[in-house]
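Predicted model, so just to flag it, every value in this text is computed and none were measured. Chain identifiers are assigned alphabetically (A, B, ...) following the order of the sequence lines, protein sequences preceding nucleic acid strands; residue numbering begins at 1 within each chain.
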Amino acid sequence: MSGRFAPGTFAPAPGAGRPVRMLLAHARTEASLTLRNGEQVLLTLLIPLALLFGLTLVHVIELPEPRVAAAAPRVFALAVMSTAFTGQAIALGFDRRYGVLKRLAATALPRWLLVAGRVLGCLAVVALQLVVLAAAAALLGWSPSAAGLLWTVVLVVLGTLTFGALGVLLGGALKAEVVLALANVVWLVLLFAGGIVLTTDALPAGMAEVVRLLPSAALTEGLTAVLADGTAPPASTVVTLLVWGAGAGLLATRTTKLV
Amino acid sequence: MSTPAVEVSDLVKSYGPTTAVAGVGFRLDRGAVLALLGPNGAGKTTTVEVCEGFRRPDSGRVQVLGLDPVTEGAALRPRIGVMPQGGGAYPGVRAAEMLRLVAACAANPLDPAWLIDVLGLAGCARTPYKRLSGGQQQRLSLACALIGRPELVFLDEPTAGMDPQARRLVWELVGALRADGVAVLLTTHLMEEAEALADHVVIVDGGRVVAEGTPAELTAEGPDEQRLRFRAKSGLDTALLVAALPEGCRVTEPTAGEYLVTGVVDPQVVSTVTAWCAQQGVLAEELRVGRRSLEDVFLELTGRELRS
Ligand SMILES: Nc1ncnc2c1ncn2[C@@H]1O[C@H](COP(=O)(O)OP(=O)(O)O)[C@@H](O)[C@H]1O
Ligand SMILES: [Mg+2]
């Protein structure tokens, strides 16, 4: 009866794909969608680049010399926050609207892979951003201490997971338009008042105490210690990131909706 | 192959004060096609989403391929294909890219490029999802449901928003699936679709099953019974027409201006009806003879039109 389809074309042969293949396919899709999206590239790459050049070359904010060494950790922290928090929250909000999570949840993709694919995609984008930003900083004369490199990777991964958990918490619970607005407002507030552009030591004492508790300040402070001072990050910065990440992650498992 | 593909009994599901499904039950055998037929809001999507494991039933029993879709979802999902009602891809993803991602989740997927081609999506394989037409999005969604060679597919309103050509393609696909032993549970509010595709039709309305059976069973009536329908100005005196017709014919006006003659409709009856209309000075429009349709069944059971 069906001329177009030879008998047996659809003969059942069900089964799940190999987990590694599923993970890589999912992560690759997530990463390339981010890199293809103009607004995301503006957020994750162009704004941090502009800030790097601005902070280094324009003497508006007081920075220790060499200025680029003080600017780089802040810009790296911003890049992590932009991708893992704002970018992830907005993407998740709209993906839910478009029924992507439901689509993927209906495949053989296990639930843990659904999260792991997004995390890995996000880490890939962050890695790419940092390579570009580090190259730009090097052009501006930046020479980080090699000793801090391993710690940098640890902090960047931890920061990505923490901000990613916060992004999922926001993007997984609310309407896409609300997510879009909130994710941008929070980004802007944390950038200027969250210890990134103005680090906590430049803030008045009472405010610094509070701001120091934010993940944005913790990541900036940690990266500054590691990259500019060549020391291990203060334990408080790691603990702050861990607490925010764990709290947001736990909450998100209860509040995240598929659609 | 002894466990049915889907077995649902006494399924109840409410959203707050709204009872979406109020005691639905049916059974879909392996390799068969079952259509849930009903108007918008009948509870079709809710029923299907419970079977897919996306919603937890308030009460009732649901077994899909012998598994509980909520507690044994991880074992069930690799074996089923799902076409949700609308949506199901990243807004910016290219059609072929999305299908390849879903294919990567399956052990023995069909060739994505072939399926893209078969579904007429080759021309927009690189188009972002949000720029596809509604019908193209539907076809991509169908491809995602079939790519993993499932034993059972759920198609929620598979032809909604499709042009007639694409709709015929989908019908052909469902036929091919059935021929290859894949069980299909589809929902529709189009009676011709249910009639054309399904081995078993379950008519739902207001969250309940109002009738079920094969299309032939549902539309069956007395041995030689047939129906003659025509449209004319409303308010004709049907008693006069009955008097003119042979013994045993009945005439009703189910909705204003729609006339229905039931009984043994032979050529003589047709000519009597047209002659009588001519005598009344009215034109009998859209005159046709046929069997009872699922639409008639629905109308008789609920007093409402299926298509609103
Ligand atoms: N998420 C939801 N929240 C509240 N009510 C819902 C929801 N989904 C469906 N309903 C209601 O449940 C009833 C059945 O809906 P649905 O299962 O989508 O029917 P169908 O697919 O037959 O159109 C409708 O009255 C609908 O408004
Ligand atoms: Mg529906």
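Counting heavy-atom pairs closer than 4.5 Å to chain B, the top residue among A/D95, A/L258, A/V259, A/L104 is A/D95. Of the residues considered (B/P128, B/P109, B/A89), B/A89 shows the highest number of contacts with chain A, using heavy-atom pairs under 4.5 Å. With chain B as the partner, the residue from A/G99, A/P19, A/P14 showing the most heavy-atom pairs under 4.5 Å is A/P14. Per-residue counts of heavy-atom pairs under 4.5 Å with chain B were compared for A/A16, A/G8, A/A108; the largest is that of A/A16. Note: B/P78 leads B/P78, B/G53, B/P84, B/G73 in heavy-atom pairs under 4.5 Å with chain A.
Residue contact with chain A, scored on non-hydrogen atoms closer than 4.5 Å, involves the backbone and the side chain of B/R94 alike. Both the backbone and the side chain of B/P91 come within less than 4.5 Å of a heavy atom in chain A. In this structure, chain A has heavy atoms under 4.5 Å from both the backbone and the side chain of B/A106. Residue A/L101: no heavy atom, backbone or side chain, is found under 4.5 Å from chain B. The contact between B/E97 and chain A is made entirely by side chain atoms (from C-beta outward), counting heavy-atom distances below 4.5 Å. For chain A, the nearby part of B/Y129 is the side chain; its heavy atoms alone come within less than 4.5 Å. Neither the backbone nor the side chain of A/A91 comes within contact range of chain B; no heavy atom of the residue lies under 4.5 Å from a heavy atom of that chain. Using a 4.5 Å cut-off between heavy atoms, B/E49 touches chain A through its side chain atoms alone. Heavy-atom distances place no part of B/L76 under 4.5 Å from chain A, backbone and side chain included.
Between the side chain of B/K13 and the backbone N or O of B/R55 there is no donor-acceptor pair closer than 3.5 Å.
Applying the side-chain hydrogen bond (donor to acceptor under 3.5 Å, both in side chains) test to residues at least two apart or on different chains, the pairs with a partner in residues 176-197 of chain A are A/S82-A/W187, A/R97-A/E177.
Within the model, atoms CG of A/L158 and CZ of A/F163 stand 10.0 Å from one another, a figure rounded to the nearest 0.5 Å. Taken from CG in B/N108 to CZ in B/R149, the straight-line distance is 6.5 Å, to the nearest 0.5 Å. Remark: A/L174 CG to A/T255 OG1 distance equals 8.5 Å, nearest 0.5 Å. One distance of note links CG of B/L186 with NZ of B/K44; it measures 11.5 Å at 0.5 Å rounding.
Inter-residue side-chain proximity for B/L155 and B/V174 is flagged as met; some heavy-atom pair is nearer than 4.5 Å.
B/Y90 and A/Y98 have their aromatic ring centers separated by at least 6.0 angstrom.
In summary, B/E151 and B/R30 engage in a salt bridge, as defined by a charged side-chain N under 4.0 Å from a carboxylate O.
Of all residues in residues 20-38 of chain A, those placing a non-hydrogen atom less than 4.5 angstrom from a non-hydrogen atom of chain B are A/R21, A/M22, A/A25, A/H26, A/T29, A/E30, A/S32, A/L33, A/R36.
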